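Values below: all heavy atoms of this structure, side chains included; hydrogens, waters and symmetry mates excluded. Fair warning: this is a prediction, and the values are worked out from it, not measured in the lab.
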Amino acid sequence: MGLYFGYLMLGFGILTNRSVVISVGVLILFGMFAGTRTTYVASAAELSEWGNKNGRLSLVLLVSILVSVLGFTASLPSDITSGGGLTNIVAHGVGILFGMAVAGSLRYHYKRSSAEESAAD
């Protein structure tokens with residue numbers, strides 16, 4: 001989802017010729033790439049193994065992601081820059097990215113506390 005919004009912001013910035021929106025898009029893409037280089041993100045091999053073990057759940061997740069992204073895209077107004085800017089799009093994008101950051105930080109702290117508890121035992 002973060003990559004989706006990064007590309008969305010980058011595309012809107014290029015189409016509307018706004019350097020701030022382009023910068024936000026590049027920062028989002030850079031942040032998503034940097035986030036994949038941590039030990040708290042599963043590798044492609046681990047995801048593939050999990051997908052093989054949980055075939056139905058991975059199919060449900062894939063369909064859910066596609067429906068949510070396409071539903072969000074379909075709900076956008078036809079004239080995206082009406083009203084003098086991209087405020088609505090930017091606000092929703094920032095909200096979703098903030099939610100992703102909160103979920104990621106909670107997952108990080110949970111894994112960290114679980115590792116510390118198992119080391120103490």
Trainee: Under the salt bridge (charged side-chain N to carboxylate O under 4.0 Å, His left out) definition, can you give me all pairs with a residue in residues 53-62, not counting sequence neighbours?
Mentor: Glu49-Lys53

Trainee: In the hydrophobic clustering that connects Ile, Leu, Val, Met, Phe, Trp and Tyr at side-chain heavy-atom distances below 4.5 Å, which members other than Val102 occupy its cluster, ordered by chain and number?
Mentor: Phe98, Leu106

Trainee: Quick one: name the residues clustered hydrophobically with Phe30, using the 4.5 Å side-chain heavy-atom rule over I, L, V, M, F, W, Y, and just say none if it's on its own.
Mentor: none

Trainee: Ignoring hydrogens, what is the shortest heavy-atom contact between Ser58 and Gly51? Give both atom names and the distance.
Mentor: OG-O, 3.7 Å

Trainee: Test: salt bridge (charged side-chain N to carboxylate O under 4.0 Å, His left out). Region: residues 19-28. Which pairs qualify, not counting sequence neighbours?
Mentor: none

Trainee: Residues two or more places apart in sequence or in another chain: which of them pass side-chain contact (heavy atoms from CB on, under 4.5 Å) with Leu29?
Mentor: Leu3, Tyr7, Leu10

Trainee: Which ILVMFWY residues can you reach from Leu61 by hopping between side chains whose heavy atoms are under 4.5 Å apart?
Mentor: Trp50, Leu57

Trainee: What residue pairs, at least two apart or across chains, pass salt bridge (charged side-chain N to carboxylate O under 4.0 Å, His left out) with a residue in residues 2-13?
Mentor: none

